[in-house]
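Below is one structure; the comments refer to it alone.
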Amino acid sequence: MGKAGAISIYSPQRSLIRSVQDDVIFSVNFTCSGIPNIQWTFMSGLVSRTIGAWQPGGYTNITEDYSSRVQAYDNGSMGLSDLRLQDGGFYVVTITESTGSSKDFGFVLKVNEVLYEDLQYLTVSFLALACLASLLMLTMWLLDKAYKKIMACKRRREMPENDVTELQIMNV
């Protein structure tokens with residue numbers, strides 16, 4: 001918790017990790033005298049851009065790039081939905097009092113990529129291997145049947161041929 005003039009800002013968590021397409025809330029609580037202006041900024045590498053600014057119970061001005069994904073809260077918190085890889089970076093909230101004094105507070109967001117492509121590859125590979133295993137089992141079964149028929153034919157050929165059938169009389 002830091003103070004600049006009469007402004008103090010607090011957050012339970014400053015480092016956040018989410019996955020692509022998740023939502024995140026940058027949760028803050030602040031105290032100051034008067035009605036503050038709240039501004040959020042995104043920084044990553046050499047890029048710095050304003051996300052939006054608002055006053056609690058007053059105006060809200062979210063930039064066009066973020067307008068469909070940002071939720072502004074009166075307590076200074078900001079929600080960002082449908083995360084993208086490029087959303088990973090440093091987020092700064094600036095609270096400015098009507099007297100002109102201001103205080104910055106930063107967050108780090110890491111956005112992990114969900115490896116759907118890898119899961120899809122594994123699923124397709126598993127199905128291909130299962131089909132191959134089934135084909136091999138079918139082939140082994142057919143070969144076994146063919147082997148038994150060949151052996152039965154071979155045994156029949158080895159039996160002595162006898163055209164004459166002998167009938168024996170049985171005494172009853």
Side-chain angles (χ1 to χ4, degrees), residues 1-140:
M1 185 182 292
K3 294 191 186 242
I7 301 172
S8 67
I9 304 173
Y10 169 76
S11 176
Q13 191 173 12
R14 295 181 74 170
S15 180
L16 303 160
I17 300 173
R18 297 292 186 276
S19 296
V20 171
Q21 296 180 337
D22 279 353
D23 299 340
V24 66
I25 293 182
F26 298 96
S27 179
V28 297
N29 289 309
F30 68 89
T31 57
C32 70
S33 57
I35 297 175
N37 287 318
I38 301 164
Q39 179 176 327
W40 279 89
T41 307
F42 169 74
M43 291 181 251
S44 176
L46 301 175
V47 176
S48 176
R49 59 180 177 251
T50 299
I51 297 171
W54 59 90
Q55 276 187 335
Y59 76 92
T60 301
N61 183 16
I62 307 298
T63 61
E64 188 176 330
D65 291 345
Y66 289 96
S67 62
S68 64
R69 301 190 308 133
V70 166
Q71 174 67 44
Y73 296 97
D74 284 348
N75 69 352
S77 298
M78 178 185 70
L80 182 59
S81 61
D82 192 27
L83 290 175
R84 304 166 186 160
L85 278 177
Q86 59 268 28
D87 288 330
F90 194 63
Y91 290 80
V92 176
V93 60
T94 303
I95 309 291
T96 305
E97 289 182 317
S98 54
T99 61
S101 63
S102 66
K103 174 78 175 158
D104 294 332
F105 195 82
F107 293 85
V108 175
L109 174 65
K110 180 179 179 189
V111 179
N112 293 324
E113 184 174 11
V114 179
L115 302 176
Y116 291 118
E117 294 83 10
D118 289 351
L119 293 175
Q120 185 178 12
Y121 172 77
L122 287 174
T123 303
V124 169
S125 297
F126 174 79
L127 289 174
L129 289 174
C131 289
L132 182 61
S134 298
L135 184 63
L136 288 173
M137 288 179 5
L138 178 63
T139 303
M140 291 299 292

Looking only at non-hydrogen atoms, find the nearest pair between Pro56 and Phe30 and report the distance. CG-CZ, 4.4 Å
So Leu83 and Val20, do their side chains get closer than 4.5 Å, heavy atoms only? no
Qualifying residues under side-chain hydrogen bond (donor to acceptor under 3.5 Å, both in side chains), relative to Arg69, sequence neighbours excluded: Asp87
For residues Ser102 and Ile7, report the shortest heavy-atom separation together with the two atoms involved. CA-CD1, 3.7 Å
Kindly write out the residues that satisfy side-chain hydrogen bond (donor to acceptor under 3.5 Å, both in side chains) with Ser11, not counting sequence neighbours, or none if the list is empty. none
Checking side chain to side chain contact (heavy atoms under 4.5 Å, CB included) for the pair Val93/Gln39: CA distance, chi angles, key distance, verdict? CA-CA 6 Å; Val93 60; Gln39 179 176 327; over 6 Å; no
Residues at least two apart in sequence or cross-chain that pass side chain to side chain contact (heavy atoms under 4.5 Å, CB included) with Asn61, listed by chain then number, are Tyr59
Ser33 meets the side-chain hydrogen bond (donor to acceptor under 3.5 Å, both in side chains) criterion, sequence neighbours left out, with Glu97
Student check: side-chain heavy atoms of Val92 and Met43 closer than 4.5 Å: yes
Just grab all the salt bridge (Lys or Arg N to Asp or Glu O under 4.0 Å) pairs involving residues 13-24, residues at least two apart or on different chains. none
Side chain proximity check, Ile9 to Asp104, heavy atoms < 4.5 angstrom: no
In Å and rounded to the nearest 0.5 Å, what is the OG1 to CG distance from Thr123 to Leu127? 7.0 Å
Look up atom CD1 in Ile95 and atom CD1 in Ile38, then write down how far apart they are to the nearest 0.5 Å. 4.5 Å
Give every residue pair that meets the salt bridge (Lys or Arg N to Asp or Glu O under 4.0 Å) criterion with at least one member in residues 120-138, sequence neighbours excluded. none
Over all heavy atoms of both residues, which pair between Ser44 and Gly89 is shortest? Give the atoms and the distance, please. CB-CA, 4.4 Å
Would you name the heavy atoms of Ala72 and Thr60 that are closest together and state the gap between them? CB-CG2, 4.1 Å
Can you pull out every salt bridge (Lys or Arg N to Asp or Glu O under 4.0 Å) where at least one residue sits in residues 29-48? Sequence neighbours excluded, please. none
Show your reasoning for whether side chain to side chain contact (heavy atoms under 4.5 Å, CB included) applies to Thr41 and Ile51. CA-CA 5 Å; Thr41 307; Ile51 297 171; 6.0 Å; no
With rounding to the nearest 0.5 angstrom, report the OG to CD distance, Ser19 to Glu113. 10.0 Å
Results of side chain to side chain contact (heavy atoms under 4.5 Å, CB included) for Leu129 - residues two or more places apart only: none
Taking the six-membered ring for Trp, is the centroid-to-centroid distance between Trp40 and Phe107 below 6.0 Å? yes
Looking only at heavy atoms, the pair that brings Gly88 and Val111 closest together is N-CG2, 3.7 Å
Please assess Thr31 against Ser8 for the test side-chain hydrogen bond (donor to acceptor under 3.5 Å, both in side chains), listing each intermediate value before the final yes or no. CA-CA 5 Å; Thr31 57; Ser8 67; 2.5 Å; yes
From CG (Asn75) to OG (Ser27), nearest 0.5 Å: 6.5 Å
Search all heavy atoms of Ser77 against all heavy atoms of Ile25 and return the closest pair with its distance. CB-CG2, 4.5 Å
All pairs passing ring-ring contact (aromatic ring centres under 6.0 Å, His included) where residues 63-102 contributes a residue, at least two apart: Phe26-Tyr91, Phe42-Tyr91
Not counting sequence neighbours, which residues clear side-chain hydrogen bond (donor to acceptor under 3.5 Å, both in side chains) with Gln55? List them please. Asn37
Report the C-alpha separation of Met78 and Val70 in whole Å, then their side-chain angles, then the decisive distance to 0.1 Å, and conclude whether the side chain to side chain contact (heavy atoms under 4.5 Å, CB included) test is met. CA-CA 7 Å; Met78 178 185 70; Val70 166; 3.8 Å; yes
